[in-house]
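Structure first, commentary second.
None of these values were measured; they are calculated from a predicted model. Remember, it's 1-based here, ligands and their atoms both numbered in the order they're listed.
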Amino acid sequence: MKVAFACSECFPFVKTGGLGDVCGSLPKYISDLGCDVKVFLPLYGGIQTLKHNLLLNEDLTDIPLMIGDVEYTFNVWEGKLPNSEVKVYFIDCPFYFHRETPYTNDKDEDERFILFQQAVLITIQYLKWSPDIIHCNDWQTGLIPAYIRTTYAWDKIFENTKSIISIHNIGFQGRFSPESLYNANLPIDKFYPFGPFELNNSFCFLKSGIIYADLITTVSPTYAKEIQTEEFGAGLEGVLQLRANDLYGILNGIDLDVWNPLTDHFIKTNYSVEDIENKEDNKKNLINRIEFVYNKDIPVFGIISRLTGQKGFDLLKPILHHILENNDIQLVVLGSGELQYEELFKSAQYSFPEKVFFWSGYNTELSHLITAGADIFLMPSHYEPCGLNQMYSLNYGTVPIVRDTGGLADTVKDYHEHNESGNGFSFKDYLPDALEKTIQRALYIYKDKKIWNEIMIRGMKEDFSWKHSAEKYLDLYKKIIN
Ligand code: ADP
Ligand code: GLC
């Protein structure tokens, strides 16, 4: 089976969050199941071609493409996903992709991904490689299902191609002005209220994908249910309800080549469930690195996150100072994003310099050191399509505290003293008080080393490898092909 995988980020080439992790790993596992997989990605200015051994395909240069009335050209570079034979095709158009960040608020953001998506299809035409499936991810690839049924439907190469769109976060929809439809080279007569491209008078890339794709997936079973409700659907719940029979929730996996305490090359001491006591060395190392005083009995909390409303920091804001004042704990925060949350952690660091360490920015090494070195991982998300950090934490024996939503609900089971079950702590109500009580409950249990160890072990034994989920995707591919 031939599978084209289109995405706007892909680890290790470019990553802003979990989408990068997923697109850098799922294609490898689908390939391991016997599929011929090719990944398509923009060649952003930040991607170092030399470092990643990318080569320009001399047969695929200066390919013309119209955006509205303007002609652009693009080249295609090639590379491979590490530890695999999966080829990655990079769409190179410096005018659109050499910007400070992969995503921008520039006024031509629509054009950037209109170019990318058409370039993917044109590259497939040049390669004379007819995919059985085009697997799209999020709004940046949401027009592809529409293109192969409209603008590019004339080409027999797409005649038997089916499409899937995976929703990684319904909060990002790619909504632009209706005029953008002209730039997109899509049928303007199909833009009308409640039509396939229209959402509240905007041209919505994600809605187009949901309408035109043969199947829709999202990244956890609970989120698949949630996005069909007004509370979580962000205006797309009606469309998703219409397509409820074609909507599946498949939990993300984790890439064990990258996130595995036994082989992780960033951490001080490798460990597994067999020698769990070696985790402590990583706590010591983390605490030394941030120049705090190490004490094995002081619980270390970790946060690694985009600092946005999605991640539930509104809950932490009113209670953080109170918690720090009244408890002997240490908190290590890694993240960047909205000013209000950066200030929250800066001010906590200022008020409690021996207790709070905040690193503002993106730092891969530190993210591994925290995952291995913290005792507790805090992720009280408002909503969470899947979430990878809680799965990394569980497998590293770092006990998560989460809100019971989306993928967090599917992976973290609240500790239950009577059944002796649970791999973490969770709460339902989106209230600061609920979070504070859960933190206090975890701190109380932390004192009982035997129980705590059992919670850690249950987390470390969870199997989040991609194998099962990749098989589920393959089943869906087969279902639509037939
Ligand atoms: P989301 O995709 O919503 O941001 P996920 O939990 O799915 O949340 O994935 C986040 C990914 O991004 C994880 O791999 C996490 O380690 C990484 N990450 C987030 N913030 C940072 C940061 N500041 N530095 C390094 N890695 C980060
Ligand atoms: C999004 C979601 C996150 C998910 C990731 C990968 O960024 O916010 O929950 O894990 O995509 O699917």
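By the criterion of a heavy-atom distance under 4.0 Å, the side chain of N169, and not its backbone, is placed next to ligand 2. Contacts between D21 and ligand 2, counted as non-hydrogen atom pairs separated by less than 4.0 Å, are absent for every part of the residue. Residue D21 touches ligand 1 through its side chain alone, judged by heavy-atom distances below 4.0 Å. The part of S305 lying near ligand 1 is the backbone, judged by heavy-atom distances below 4.0 Å.
Contact analysis puts Y392 in contact with ligand 1, with a non-hydrogen atom separation below 4.0 angstrom.
Residues F172 and W139 place their aromatic rings such that the two centres sit no closer than 6.0 Å. Aromatic ring centres of F232 and Y383 lie farther apart than the 6.0 Å criterion allows. Remark: aromatic rings of H368 and Y396 are distant, center separation not under 6.0 Å. Here F5 and Y89 keep their ring centres 6.0 angstrom or further from each other.
Close contacts between ligand 1 and K311 involve ligand atoms 1 (P), 3 (O), 4 (O), 8 (O) [criterion: under 4.0 Å to a heavy atom]. Residue G387 has at least one heavy-atom neighbour below 4.0 Å for each of these atoms of ligand 1: 6 (O), 7 (O). For ligand 1, the atoms sitting less than 4.0 Å from at least one non-hydrogen atom of G335 are 23 (N), numbered in the order shown with element in parentheses. Applying the 4.0 Å criterion to heavy atoms of V219 picks out, from ligand 2, the atoms 12 (O).
Considering backbone and side-chain N/O atoms, G387 comes within less than 3.5 Å of an N/O atom of ligand 2. Annotation: G18 places no N or O atom under 3.5 Å from an N or O atom of ligand 2; distance criterion only.
With respect to atom 2 (C) of ligand 2, the closest heavy atom belonging to the protein is H168 O, 3.2 Å. Ranking the protein heavy atoms by distance from atom 8 (O) of ligand 2 puts Q310 NE2, 3.1 Å first. Of the protein's non-hydrogen atoms, L388 N, 3.3 Å is the one closest to atom 7 (O) of ligand 1. The protein atom (non-hydrogen) at minimum distance from atom 3 (C) of ligand 2 is E384 OE2, 3.4 Å. Looking only at protein heavy atoms, the nearest one to atom 24 (N) of ligand 1 is N363 N, 3.0 Å. With hydrogens left out, the protein atom closest to atom 15 (C) of ligand 1 is N389 OD1, 3.3 Å, a heavy atom. From the protein, the heavy atom lying nearest to atom 2 (O) of ligand 1 is G18 N, 2.6 Å. Nearest to atom 19 (C) of ligand 1 among the protein's heavy atoms is I304 CG2, 4.0 Å. Protein heavy atom in closest approach to atom 23 (N) of ligand 1: G361 O, 2.8 Å. Remark: minimum distance from atom 27 (C) of ligand 1 to any protein heavy atom is reached at Y362 CE1, 3.5 Å. In terms of protein heavy-atom proximity, atom 4 (O) of ligand 1 is nearest to R306 NE, 2.7 Å.
Of all the listed residues (H368, K15, H168, E384), K15 holds the heavy atom that lies closest to atom 17 (C) of ligand 1.
Checked by atom type and distance alone, the side chain of R175 never pairs as donor or acceptor with a backbone atom of C204 at under 3.5 Å.
Partners of K207 by side chain to side chain donor-acceptor pair (under 3.5 Å), not counting sequence neighbours: none found.
Considering only heavy atoms from C-beta on, L315 stays 4.5 Å or farther from E436 through its side chain. Using a 4.5 Å heavy-atom threshold, the side chains of F203 and E198 count as separate.
Results of the side-chain hydrogen bond (donor to acceptor under 3.5 Å, both in side chains) test with N423 over K461, Q390, E462 single out E462 as the only residue that passes.
Note on ring orientation: taking the six-membered ring where Trp is involved, the planes of F90 and F13 are perpendicular (angle over 60°, cut-offs 30° and 60°). Using the six-membered ring where Trp is involved, F116 and F97 have ring planes that are perpendicular, over 60° apart on the 30 and 60° scheme. Below 30°, between 30° and 60°, or above 60°: for Y473 and W466 the angle between ring planes is between 30° and 60°, a tilted geometry.
For K311 and F313, the positive end is not near the middle of the six-membered ring at less than 6.0 Å and at most 45° from its axis.
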